[in-house]
Amino acid sequence: MGLLYLGTPLAWDDAKKYADHVRTHGITQFLHIWDRVKDKNGDELLWGDEIEYMVVSFDNEEKNAKLSLRQTEILAKLSAIVNDISSDNDNTIAVPTFHPEYGRYMLESTPGSPYTGYISDLLSVEKNMRYRRSLARKHLKPNEIPLTFTSFPRLGAPGQFTEPYHDPADAVSSHSLFLPEEITNPHARFPTLTANIRRRRGSKVAINLPIFFDEKTPKPFIDPTIPWNRSIYPEDPEARNGAALPDHIYMDAMGFGMGCCCLQLTFQACNVTDARRLYDRLIPIGPILLALTAASPVWRGYLADVDCRWNVIAGSVDDRTEEERGLKPLEHDRFVIPKSRYDSVDLYISEDWINRPEYNDNPLPIDEKIYDRLRNHGIDDLLSKHVSHLFIRDPLVVFSETIDQDDESSSDHFENIQSTNWQTLRFKPPPPNSNIGWRVEFRSMEVQMTDFENAAFSVFVVLLSRAILSFNLNFYVPISKVDVNMGRAQERDAARSRKFYFRKDVFTGSSPYSSGSNSPVDGAPRPKEKKLRNCFPPPPAPLNGDHKGPVEDEYEEMTMDEIMNGKGDHFPGLLGLVSAYVDTLDVEEEALAKIRSYLNLVKDRSNGTLVTAATWIRNFVRSHPAYAKDSVVSQEINYDLLVAVDEIERGARSAPDLLPKDYTGGNKDQGSI
Ligand code: ADP
Ligand code: MG
Ligand code: MG
Ligand code: MG
């Protein structure tokens, strides 16, 4: 969530007066960074994951599972403990870090120091994740468990869903009909962000997810749990005036989205060119891995007809005014903006020749003055567009104490805008005063219920990132098609039943497996690599005939199985590419078996042998004896579901359709609740 400053946040009417100030100085700060590190080169691979948990409090007598709002206490305890940790660490794992998140029931953990390119680091990821989980788990109350669960099924449903209970009537920041103020991290940044989004937008956010119509779901579905006639806040009539759609699950607050948990990965690139290359190549992968990690089919106590969190978060922080959303002619605002600040990437930014201009086919409002400033500073067209597109947004939280900054040594104003553009990928410039290099963050995945799965998807993406750079892979399709894929990825059962646009020839600009450092030279195979490499020779220049045909001929719709496991003779699938990359590594038998076990999970998930978490959860609900086939996920079903999730994680309950047969569990030594 970025750094948390102590200070006095300004309410929207005051904050907006500083919008230009923050933007102008943010760009100055970016230019200082650029001047300092544009030629930075040779950085090694460093990478790390972020895992988010929700702390669930189990009431075994009432058979209720609630969100524990003890984040502040828990984090204080965990930070005291991690400062004094050697006693319960076998000293092979750096002391992890726990961070606050938006929800007052959430924790985020990252490895204590980033992983390197050593294969041993790759293999330590699962252990590291389990260690972090067990550490958190050990320091909670006996009836509390940190679950890696994407969306809490009864967040905002009637009855008690937090521990302790709070009345939604007190939601002074969000004015939500469903979520109390106390759902939000109390640090000033979060309530201010919540309130300023509402104020800037001019109404509450409105998210409508299609309901999953089961045999007995009333049709039309008009949600009886919405307090339609409440009148506490001025926005209360919005629901009945059309914000809440029939046949949908309506949500009206930031907490519904930012209260979800995800799995993110950050990679350091060799230099800025490689960072841009990696960023671009991972853009089309975003929706594919969203569909494969889908884990959130239940919202506000109902089964939805979607499996993923993405659009909920996009809607939950959508601060665009009616003019910006194109509902009214532009009069007070500067741009019509097609997407929320939380959404998919709009622009490919690599200057490689394989990045054809035709691929950037999304509308792209930019701040022209900022664009000109960047161009006049010598920054190329694409990167200038990227930054000036992010900078069409206003800063939402401005602290009165930090309005004036030293633009040479600070990047706060830049980060203020950058870190509230929550997109599928984030291009992260090095912070000032650090050794850190240019980084790319991959942000679309939903968190998985077990660390075996979280490790498997992390390892897969790391290896894919290496295959991309090593083989100079080309995944470009028009970015508007990536957006179509984002929509499809979230639909129910997408991984099994939908098709996605994907590039037919991923070797344009290279020949299969022959570019990069691992290519055979004069027929003699290169020695195998001991480490995941970060820096590669520049990709080859275009050959005659490269790049000529119409863009429409370059892609087609493929099933998940085809995208991952291959199609025909010349597309080996992403797993085929990753396997070919693994073949270039010098890996011991045992390590290889472990890597294979991760890749097999991804494979079985993509060919339909195993189901996604979303499908597993949906099936659990639908086969629960108390389920009335009416889409309602009751308190009792929710309790049993979350007990089952914990049991699966510990290996105390088998889930043969979700996990491989030899899954043995993560926290066996820790008892049940
Ligand atoms: P944010 O919340 O801003 O996305 P975090 O600090 O929570 O970022 O997580 C960043 C991740 O990047 C962590 O997993 C961390 O280990 C990893 N990381 C730290 N330094 C580097 C680096 N130089 N290169 C790549 N990854 C890094
Ligand atoms: Mg986070
Ligand atoms: Mg983080
Ligand atoms: Mg992150």
Side-chain angles (χ1 to χ4, degrees), residues 1-5 33 37 40-53 71 75 78-79 82 93-103 106-118 121-122 124-126 128-129 131-132 148 185 187 189-190 193 258 260-272 274-275 278-279 282 286 309 313 317 342 345 411-412 414-447 451 454-455 457-459 461-462 465-466 469 532 534-535:
M1 230 33 236
L3 290 174
L4 298 180
Y5 305 99
I33 292 175
V37 292
K40 195 173 189 317
N41 194 18
D43 286 323
E44 63 166 329
L45 172 63
L46 291 178
W47 67 279
D49 67 84
E50 293 164 72
I51 290 206
E52 292 170 344
Y53 312 78
Q71 181 192 62
L75 281 174
L78 283 172
S79 65
V82 293
I93 302 181
V95 178
T97 321
F98 289 91
H99 316 253
E101 255 300 338
Y102 181 90
M106 291 169 80
L107 306 173
E108 179 184 296
S109 80
T110 53
S113 54
Y115 309 111
T116 69
Y118 284 109
D121 271 17
L122 194 66
S124 74
V125 174
E126 183 180 352
N128 193 304
M129 289 174 172
Y131 176 59
R132 277 136 63 189
T148 41
N185 182 328
H187 185 284
R189 174 183 151 85
F190 299 98
L193 200 48
M258 283 295 182
C260 292
C261 296
C262 68
L263 167 65
Q264 298 174 335
L265 298 171
T266 299
F267 303 98
Q268 176 167 283
C270 181
N271 51 43
V272 65
D274 269 12
L278 188 58
Y279 177 91
L282 288 174
R309 79 198 188 290
I313 317 191
V317 292
Y342 193 112
V345 166
S411 64
D412 288 3
F414 172 73
E415 287 295 335
N416 190 332
I417 308 281
Q418 153 97 341
S419 70
T420 53
N421 270 276
W422 298 277
Q423 301 183 340
T424 35
L425 271 294
R426 185 175 285 159
F427 177 66
K428 292 175 159 175
N433 310 316
S434 80
N435 245 338
I436 298 173
W438 292 90
R439 289 151 305 151
V440 172
E441 184 183 19
F442 186 74
R443 303 165 47 86
S444 67
M445 291 188 284
E446 307 222 320
V447 78
D451 289 330
N454 288 316
F457 280 98
S458 301
V459 165
V461 179
V462 177
S465 75
R466 298 309 96 185
L469 294 171
L532 308 185
N534 211 29
C535 297

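As the structure is a computational prediction, the values presented were derived from the model and not from experiment. As the structure lists them, so they are numbered: ligands from 1, and atoms in each ligand from 1.
The CG atom of L265 sits 7.5 Å away from the CZ atom of F442 when rounded to the nearest 0.5 Å. Note that CD1 of I417 and CG of D412 are 12.0 Å apart. Values are rounded to the nearest 0.5 Å. From Q268, atom CD reaches atom CH2 of W438 across 12.0 Å, with rounding to the nearest 0.5 Å.
Remark: side-chain polar atoms of R443 are paired, donor with acceptor, to backbone N or O of Q423 under 3.5 angstrom. Q71 places a side-chain N or O within 3.5 Å of a backbone atom of M106 that can act as its donor or acceptor partner. Judged by distance alone, with hydrogens and angles left aside, the side-chain atoms of E50 form no donor-acceptor pair with the main-chain N or O of E108 at under 3.5 Å. For the pair E441 (side chain) and Q264 (backbone), a donor-acceptor distance under 3.5 Å is absent. Side-chain atoms of N271 do not come within 3.5 Å of backbone N or O of N41 as any donor-acceptor pair.
Which of P431, P114, S458 comes nearest to atom 18 (N) of ligand 1 through a heavy atom is settled by distance: it is P114. For atom 25 (C) of ligand 1, the candidate residues are N435, L46, T110; the nearest heavy-atom contact is made by L46. Atom 14 (O) of ligand 1 has its nearest heavy-atom neighbour, among L45, T116, D49, T97, in D49.
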Exercise for review: List the steps, then state whether side chain to side chain contact (heavy atoms under 4.5 Å, CB included) holds for V317 with M258.
Suggested key: CA-CA 8 Å; V317 292; M258 283 295 182; 3.9 Å; yes
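Residue contacts with ligand 1, taken as heavy atom pairs separated by less than 4.0 Å, involve W47 solely via the backbone atoms N, CA, C and O. Contacts between Q268 and ligand 1, counted as non-hydrogen atom pairs separated by less than 4.0 Å, involve both the backbone and the side chain. At a heavy-atom distance under 4.0 Å, only side-chain atoms of E108, from C-beta outward, approach ligand 1. Neither the backbone nor the side chain of L265 comes within 4.0 Å of ligand 1, counting heavy atoms alone. Only the side chain of K428 comes within contact range of ligand 1, with a heavy atom under 4.0 Å; no backbone atom does.
Take the N/O/S atoms of E441: the one nearest the Mg ion (ligand 4) is OE2.
Not one N, O or S atom of T266 sits under 2.8 Å from the Mg ion (ligand 4).
Taking only nitrogen or oxygen atoms, main chain and side chain alike, E441 reaches within less than 3.5 Å of ligand 1. Geometrically, ligand 1 and E50 share a nitrogen or oxygen pair separated by less than 3.5 Å.
Residue P111 approaches ligand 1 through these ligand atoms, each under 4.0 Å from one of its heavy atoms: 14 (O), 16 (O). If you number the atoms of ligand 1 from 1 as listed, the ones under 4.0 Å from a heavy atom of I436 come out as 23 (N).
Here the Mg ion (ligand 3) is the vertex; the OE1 atom in E50 and the OE2 atom in E108 give an angle of 90° (to 10°).
Taking a cutoff of 4.0 Å between a charged side-chain nitrogen and a carboxylate oxygen, D49 and R132 qualify as a salt bridge.
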